[in-house]
Every structure is written in C-alpha cells, then in structure tokens.
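Here the structure is laid out as structure tokens; the discussion comes afterwards.
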Amino acid sequence: MFRPILMISALVVAAPALGSSYSAKLASPTSERFIARDIVWACGADACQGATQESRPSILCQSLARHAGRIDSFLVDGRAFSASELDKCNASARPSTPKAVASSQ
C-alpha cells in the first residue's frame, strides 16, 4: 500500500528542478555577479549567464536591462529574442551615460 507512494515520493525528490537557461550580451560588458528579479546573473566579457524556473523571459530581460543597461542579444534556451522583443526589453534599460544637468549662468 505504501510502496507506490514511496516510489512516487522518491521520484519527486530525486527529479532535478527544471529551469531555463538564459544568456545576454550587454552593450557595455561587465564582470559583475548580481541578482535581478528571480535569477542570479554571472557576467563576463562575452555575456551574462543565468538559469531559473521563472517562466517570463521578457520580464527577466527587462530586469537585467534596468540593472546592467542596454542588451544587444538575449537567448532563452538557445532561442534568440526577435528584434521587437529586444526593443521592448531595452525600453527598460538604464541610461548608459548620466544625463547632463542644465545649469543657469
């Protein structure tokens, strides 16, 4: 009677967490490691890498853009964002250079 329950429990515990892998190439590369939304990003000279079970890639892209700036390419499990998806993502990007403050002289 308990054998099927134990077998199912063992499978659930032993099963690895399924998640997606993400990769982003930044316009201004960084070597930081940080958390943005539900993902830990490890960035290097070539790209930022991360993995999570979060199911909303566009939200993850936007949170990365807010933290790290403009994104040149964004991959989800090897599938690249389209130009329109990337434009929507980069709408959230922080400015790459500080805005000048007008002075009155």
Side-chain angles (χ1 to χ4, degrees):
M1 177 182 218
F2 290 108
R3 185 173 286 177
I5 294 172
L6 289 174
M7 290 176 62
I8 291 171
S9 297
L11 288 175
V12 170
V13 171
L18 298 176
S20 295
S21 63
Y22 296 86
S23 178
K25 183 171 173 78
L26 303 177
S28 299
T30 182
S31 59
E32 289 184 62
R33 183 177 176 97
F34 55 89
I35 298 172
R37 195 72 183 188
D38 296 328
I39 188 168
V40 175
W41 290 102
C43 299
D46 294 329
C48 294
Q49 307 285 331
T52 184
Q53 293 179 7
E54 171 69 42
S55 62
R56 300 197 49 200
S58 61
I59 301 298
L60 294 174
C61 184
Q62 290 169 355
S63 68
L64 176 61
R66 272 191 294 280
H67 184 85
R70 185 165 177 74
I71 297 172
D72 288 340
S73 68
F74 193 80
L75 302 170
V76 182
D77 292 330
R79 182 194 70 82
F81 263 28
S82 67
S84 63
E85 288 174 310
L86 203 53
D87 286 343
K88 183 177 178 184
C89 174
N90 281 319
S92 299
R94 68 173 167 81
S96 57
T97 57
K99 293 182 181 179
V101 177
S103 62
S104 58
Q105 291 183 351

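The residues of the chain are indexed from 1 along the displayed sequence.
Nearest approach of P57 to F74, heavy atoms of both residues: O-CE2, 3.8 Å. Closest non-hydrogen pair, S23 versus A47, comes out as OG-CB, 3.9 Å. Listed here is the closest heavy atom pair of G44 and P29: O-CB, 4.2 Å. The two residues R37 and S63 make their nearest non-hydrogen contact at CB-OG, 3.4 Å.
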Which donor-acceptor pairs under 3.5 Å do the side chains of residues 82-92 make with protein atoms, sequence neighbours left out?
unit_1, atom_1, unit_2, atom_2, d
S82, OG, S84, OG, 3.2
S82, OG, E85, N, 3.2
S82, OG, E85, OE1, 3.3
E85, OE1, R79, NH1, 3.4
E85, OE1, S82, N, 2.8
N90, OD1, I71, N, 2.7
N90, ND2, I71, O, 2.8
N90, ND2, L86, O, 3.3

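Panel note: side chain R33, backbone A42; no donor-acceptor pair is recorded below 3.5 Å.
Ring geometry for W41 against Y22 counts as perpendicular: the plane angle is over 60°, on a 0 to 90° scale with 30° as the lower cut.
Using a 4.5 Å cut-off on side-chain heavy atoms (C-beta onward), L26 and R70 make no contact.
Note: C48 SG to H67 NE2 = 9.0 Å, rounded to the nearest 0.5 Å.
Annotation: I59, atom CD1; neighbour count of heavy atoms from other residues, nucleotides and ligands within 6.0 Å is above 12.
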For the pair L75 and F81, evaluate side-chain contact (heavy atoms from CB on, under 4.5 Å) and give the outcome as yes or no after the intermediate values. CA-CA 6 Å; L75 302 170; F81 263 28; over 6 Å; no
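Applying the side-chain hydrogen bond (donor to acceptor under 3.5 Å, both in side chains) criterion to D77, with sequence neighbours excluded, gives S20, S21.
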